[in-house]
Amino acid sequence: MSLDGTYDPDNIFAKILRGEIPAVKVYEDNEVLAFMDVFPQARGHTLVIPKASEARNLLEEDPRTLGVVMTAVQKVARAVREALTPDGIVVQQFNGAPAGQTIFHLHFHVIPRWEGEAVGRHAAGGMADMEELKALAAQISAKI
């Protein structure tokens, strides 16, 4: 999919927002949702998405909404840092399939990194254990 196109209301994040698919939530308010990535690249990999937006990528998002989402990304990254004490944190966001985007609903990845531990490829390790994700989400949530 290119950078241009039509928002698909049946994408997996839209389904999560409508409650049609479960998610392990980390943080939620009226405008954003943060939840654990079920195909994590590292322990604690969290996704942050706008709730009411139909922007497929950063280029389409309204600046006000983008500001709200980025504030939530920072809030989640700080909580990940406090809860999991990583050596670093990657914040990623992809725009278009050639750039690596696979779900066309604006989203940000918050990925903790530890020295000496390679970051995994997305989905390469298979789906994460749900109980482990719930435990990690509780740790991170407690720091927000």
Side-chain angles (χ1 to χ4, degrees), residues 1-114 119-144:
M1 183 177 274
S2 71
L3 286 175
D4 301 306
T6 305
Y7 181 80
D8 176 8
D10 288 323
N11 74 69
I12 193 166
F13 293 165
K15 289 179 178 183
I16 287 170
L17 289 170
R18 290 192 302 265
E20 296 169 8
I21 295 175
V24 180
K25 295 179 182 180
V26 171
Y27 171 77
E28 183 174 19
D29 64 22
N30 290 334
E31 299 183 275
V32 299
L33 174 65
F35 55 97
M36 303 305 297
D37 193 317
V38 296
F39 294 103
Q41 292 178 262
R43 185 174 61 87
H45 184 164
T46 307
L47 300 170
V48 181
I49 65 173
K51 290 172 79 172
S53 176
E54 289 191 354
R56 294 175 315 112
N57 58 54
L58 179 86
L59 305 173
E60 296 177 355
E61 189 56 84
D62 173 81
R64 192 205 72 75
T65 300
L66 189 58
V68 169
V69 174
M70 289 309 300
T71 298
V73 168
Q74 183 185 51
K75 183 180 290 194
V76 169
R78 286 177 171 168
V80 165
R81 178 184 186 190
E82 192 172 342
L84 305 178
T85 61
D87 299 312
I89 297 174
V90 174
V91 174
Q92 283 183 312
Q93 192 277 320
F94 304 101
N95 298 282
Q101 187 177 10
T102 57
I103 298 172
F104 295 90
H105 180 111
L106 176 63
H107 61 285
F108 291 83
H109 299 258
V110 177
I111 307 169
R113 297 293 312 274
W114 290 269
V119 66
R121 287 186 43 156
H122 188 59
M127 188 175 274
D129 175 82
M130 287 301 121
E131 293 309 311
E132 181 181 0
L133 289 184
K134 288 176 185 176
L136 287 165
Q139 284 180 269
I140 298 166
S141 293
K143 301 301 181 180
I144 293 179

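Numbers for residues simply follow the sequence, beginning at 1. Computed from a predicted model, the values in this text were never measured in an experiment.
- Scanning both residues, Gly96 and Leu3, for their nearest heavy atoms gives N-CD2, 3.7 Å.
- Considering CG of Leu84 and CD1 of Ile140, their distance stands at 5.0 Å, rounded to 0.5 Å.
- In this structure, the side chain of Gln41 engages the main chain of Gly120 through a donor-acceptor pair within 3.5 Å.
- Here the straight-line distance linking atom NE2 of His107 with atom CG of Leu58 works out to 12.0 Å at 0.5 Å rounding.
- Ion pair Arg43/Glu132 not flagged as a salt bridge, since none of the NZ, NE, NH1 or NH2 atoms sits closer than 4.0 Å to an Asp/Glu carboxylate oxygen.
- Aromatic ring centroids of Tyr7 and His105 lie under 6.0 Å apart.
- Scanning all heavy atoms of the two residues, the minimum distance from Glu28 to Lys51 falls at OE2-NZ, 2.8 Å.
- Counting only distance, with no hydrogens or angles, the side chain of Gln92 and the backbone of Ile111 share no donor-acceptor pair below 3.5 Å.
- The minimum heavy-atom distance between Ala128 and Pro40, with the atom names listed, is CB-CD, 3.7 Å.
- Rounding to the nearest 0.5 angstrom, the gap separating the NE2 atom in His45 from the CG atom in Leu136 is 12.5 Å.
- Salt bridge status for Asp8 with Lys15: absent, with no side-chain N to carboxylate O gap under 4.0 Å.
- Contact check for Leu133 versus Met130: side-chain heavy atoms found under the 4.5 Å cut-off.
- Here the CZ atom belonging to Phe104 is positioned 10.0 Å from the CG atom belonging to Asn95, to the nearest 0.5 angstrom.
- Contact detail for Pro86 and Pro112: the closest heavy-atom pair is CB-CB, 3.7 Å.
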Under 3.5 Å donor-acceptor pairs involving side-chain atoms of residues 69-81, not counting sequence neighbours:
unit_1 : atom_1 : unit_2 : atom_2 : d
Thr71  : OG1    : Gly67  : O      : 2.9
Lys75  : NZ     : Tyr27  : OH     : 3.3

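- Within the model, atoms OG1 of Thr65 and CG of Leu106 stand 9.5 Å from one another, a figure rounded to the nearest 0.5 Å.
- Contact check for Glu82 versus Ile144: no side-chain heavy atoms found under the 4.5 Å cut-off.
- Remark: the backbone N or O of Phe35 is not paired with any side-chain donor or acceptor of Thr46 at under 3.5 angstrom.
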Exercise for review: Evaluate side-chain contact (heavy atoms from CB on, under 4.5 Å) for Leu17 paired with Ile49, printing each intermediate quantity in order.
Suggested key: CA-CA 9 Å; Leu17 289 170; Ile49 65 173; 3.8 Å; yes
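- Shown here for Ile103 and Gln101, the closest heavy-atom pair between the two residues is O-NE2, 3.0 Å.
- Taking every heavy atom of both residues into account, His109 and Leu47 meet most closely at ND1-CD2, 3.2 Å.
- The CD atom of Gln139 lies 15.0 Å from the NZ atom of Lys134; values are rounded to the nearest 0.5 Å.
- Residue Asn30 qualifies as open at atom CG: its count of foreign heavy atoms under 6.0 Å is 12 or below.
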